[in-house]
Protein chains: 2
Amino acid sequence: MLRVSKFTDYAVVVLSRLEAEGGVQTAPGLAAGTGIAEPTVAKVLKMLSQAGLVEGLRGARGGYRLLRPLASLGLSEVIVAMDGPIALTACVDGGFGLCEAEHTCPVRGRWDPVNAAIRGALSAIMVSEIASPPAPRRAAAPAPQPVLVAE
Amino acid sequence: MLRVSKFTDYAVVVLSRLEAEGGVQTAPGLAAGTGIAEPTVAKVLKMLSQAGLVEGLRGARGGYRLLRPLASLGLSEVIVAMDGPIALTACVDGGFGLCEAEHTCPVRGRWDPVNAAIRGALSAIMVSEIASPPAPRRAAAPAPQPVLVAE
DNA sequence: GTGAAAGGGGACCCATTCGGTCCGGATTGC
DNA sequence: GCAATCCGGACCGAATGGGTCCCCTTTCAC
């Protein structure tokens with residue numbers, strides 16, 4: 001169905017909460033604030049930390065801290081951090097003779113432009129455009145700018 | 001991993017073969033030509049037929065026939081035919097209070113611009129750009145035109 | 001008119017992956 | 001030294017996707 005994993009969704013929520021509160025937040029605190037199960041939040045934060053999107057502070061009084069404002073954080077970075085590289089098919093860019101029916105397959109790595117197009121579209125969207133501002137009540141926020149195309 | 005189903009890949013291959021050969025092709029014939037298992041090809045063709053991308057001719061001497069040239073067939077149509085509507089998350093456009101943590105979820109249907117962007121990027125790519133022309137040997141075909149962005 | 005060839009529409013099963021949980025270890029502040 | 005917190009992995013159940021098979025209907029050839 002061409003969907004991203006649920007973790008990407010969670011990541012956006014957690015990042016949004018992280019920016020809304022500001023400062024250092026603990027995993028249990030973020031779990032309580034977002035309504036997501038605590039172990040899941042911890043897992044999401046771990047992944048985001050490995051990707052360098054947040055910083056994990058160990059020890060007592062530790063927690064997680066945003067490293068970059070969400071307005072400068074491309075959605076594609078979050079997706080890559082959670083779901084791995086964006087490649088629509090098994091025939092990835094640098095893929096070699098992995099396809100079993102290589103000689104008969106007429107496609108043969110032609111998915112690259114598609115992957116590039118998706119990446120571009122996703123890179124143009126910032127996380128801050130998805131995560132609604134601190135406002136808990138959705139106050140008919142006008143779209144900050146028409147994103148790309150409107151189909 | 002943000003990938004489309006394997007069926008979409010198969011569909012592009014089958015459609016490409018269908019246009020390369022021209023005329024009416026049987027499912028077993030297409031299976032032999034593409035190297036894909038026959039039941040799978042039949043399933044793909046059935047779905048494409050339901051979506052109105054190909055026409056199924058019943059009876060002896062039957063087969064499948066392309067209804068539109070691949071140059072005018074958007075990739076998004078194939079994806080929709082095989083994988084269903086393009087919606088990256090469960091919070092689809094018209095989704096109502098399906099989210100369990102609706103009051104705490106700060107995202108709340110904000111994925112719409114993302115979906116629109118993906119749809120737009122996919123609609124701009126024609127199937128003929130992915131399916132290499134009749135050439136069975138890949139002769140370093142230069143990209144017909146830079147598709148969208150290059151990341 | 002009869003039989004064979006082909007599509008149409010299901011049901012069905014297996015493998016893979018995803019979503020989620022848990023545990024022990026390492027690190028830091030009080 | 002103790003407690004709080006992150007870090008890294010292993011682990012398991014469930015859902016989904018990928019693939020096969022069956023029987024029915026339709027149409028052409030003989």
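Per chain, numbering begins at 1; letters A, B, ... match sequence-line order.
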What string of B, S and - do you get for nucleotides 21-30 of chain D 5' to 3' if you count protein non-hydrogen atoms under 4.0 Å?
-> ----BBBB--
Starting at [atom1] of [X] and ending at [atom2] of [N], how long is that distance when rounded to a whole Å?
X      : N       : atom1 : atom2 : answer
F7(B)  : dG17(D) : CZ    : C1'   : 8 Å
L53(B) : dG7(C)  : CG    : P     : 17 Å
M47(A) : dC18(C) : CE    : C1'   : 11 Å
L45(B) : dA5(C)  : CG    : P     : 20 Å
M82(B) : dG18(D) : CE    : P     : 10 Å
E38(B) : dG8(C)  : CD    : P     : 14 Å
D9(B)  : dG18(D) : CG    : P     : 10 Å

Minimum-distance nucleotide (side-chain atoms of S49(B) versus dG8(C), dG20(C), dC6(D)) = dG8(C)
Against the side chain of P28(B), the closest entry in dG7(C), dG18(D), dG20(C) is dG7(C)
No-H, no-angle donor-acceptor pair, K43(B) side chain to dG19(D) base, under 3.5 Å = yes
For [X] and [Y], which heavy atoms make the closest approach, and how far apart are they?
X      : Y       : value
I86(A) : R119(A) : O-NH1, 2.7 Å
V14(A) : T34(A)  : CA-CG2, 4.5 Å
A71(B) : M126(B) : O-CG, 3.1 Å

For M82(A), which of V44(A), V4(A), V12(A) qualifies under side chain to side chain contact (heavy atoms under 4.5 Å, CB included)?
-> V44(A)
So what does L57(A) hit on the nucleic acid, given a heavy-atom distance under 4.0 Å: a base, only sugar-phosphate, or nothing?
-> sugar-phosphate
Give A42(A) one of three labels, base, sugar-phosphate or nothing, depending on what nucleic acid heavy atoms sit under 4.0 Å from its own.
-> nothing
Could you grab the distance from atom OH of Y64(A) to atom NZ of K46(A), nearest 0.5 Å is fine?
-> 7.0 Å
Can you tell me how far CD1 of I79(B) sits from OG of S5(B), rounded to the nearest 0.5 angstrom?
-> 9.0 Å
Quick one: is Q50(A) getting a side-chain N or O under 4.0 Å of the dC7(D) phosphate, OP1 or OP2?
->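 For dC7(D), neither OP1 nor OP2 has a side-chain N or O of Q50(A) closer than 4.0 Å.
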Is the distance from OP1 or OP2 of dT5(D) to the nearest side-chain N or O of Y64(A) less than 4.0 Å?
-> no
Taking only N/O atoms, report every protein-nucleotides 14-17 of chain C pair under 3.5 Å with atom names and distance.
none

Report yes if some heavy atom in the side chain of V54(A) is under 4.5 Å from a heavy atom in the side chain of L67(A); otherwise report no.
->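 No, too far: nothing below the 4.5 Å cut-off.
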Salt-bridge present (R68(B), E77(B); N to O < 4.0 Å) |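 A salt bridge is present here (some side-chain N lies under 4.0 Å from a carboxylate O).
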Any link between M47(A) and L57(A) through a network of hydrophobic side chains (Ile, Leu, Val, Met, Phe, Trp, Tyr) touching at under 4.5 Å?
-> no
